[in-house]
Amino acid sequence: MSADDPSVPIVCTECDTETSVPLSDVADALARHNDGKHDGEEVAEVDPVLKDRLADLVAEDLGLLDDA
């Protein structure tokens, strides 16, 4: 993994596992885990804390949190 490709935490509450994968591999890693362990059901996901923080940053950047 290069410095240009940060790692992203992935969690699976059903398996009680957590791992980090390069950003460029997130979609494939999630699909591989969910297909292999959960019959394709989307159980494993990017860490919810990170997802929430990213959503806040995007909303802020788009001005969606500004007072009207």
Side-chain angles (χ1 to χ4, degrees):
M1 175 171 40
S2 73
D4 294 338
D5 202 6
S7 64
V8 176
I10 293 177
V11 296
C12 181
T13 54
E14 192 168 306
C15 293
D16 196 28
T17 57
E18 183 174 339
T19 190
S20 292
V21 298
L23 179 60
S24 60
D25 295 337
V26 169
D28 290 337
L30 287 172
R32 189 170 47 252
H33 177 88
N34 287 326
D35 288 344
K37 302 284 185 184
H38 307 294
D39 296 324
E41 186 179 344
E42 294 182 9
V43 178
E45 62 181 346
V46 171
D47 185 332
V49 173
L50 177 60
K51 285 193 320 186
D52 289 346
R53 181 66 181 131
L54 287 172
D56 290 345
L57 290 171
V58 169
E60 183 179 313
D61 191 51
L62 293 174
L64 300 176
L65 302 178
D66 294 342
D67 292 335

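Under the 3.5 Å distance criterion, the side-chain polar atoms of Asn34 are matched with a main-chain donor or acceptor of Ala44.
The CD atom of Glu41 sits 11.5 Å away from the CG atom of Asp35 when rounded to the nearest 0.5 Å.
Remark: Lys51 engages Glu45 in a side chain to side chain donor-acceptor pair (under 3.5 Å) (not counting sequence neighbours). Qualifying side chain to side chain donor-acceptor pair (under 3.5 Å) partners for Ser24, counting only residues two or more places apart in sequence or in other chains: Asp5.
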Please tabulate, for side-chain N and O atoms in residues 10-21, each donor-acceptor pair with protein atoms closer than 3.5 Å (sequence neighbours left out).
{"unit_1": "Glu14", "atom_1": "OE2", "unit_2": "His38", "atom_2": "ND1", "d": "3.2"}

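Under the side-chain hydrogen bond (donor to acceptor under 3.5 Å, both in side chains) criterion, no residue pair touches residues 53-65, with sequence neighbours excluded.
The hydrophobic cluster around Leu57 extends to none of the other residues, as no ILVMFWY side-chain heavy atom falls under 4.5 Å of it. Other residues sharing the hydrophobic cluster of Leu64, ordered by chain and number and joined by side-chain separations under 4.5 Å: Val58, Leu62.
Here the closest heavy-atom approach between residue Pro9 and residue Leu50 is recorded as CD-CD2, 3.6 Å.
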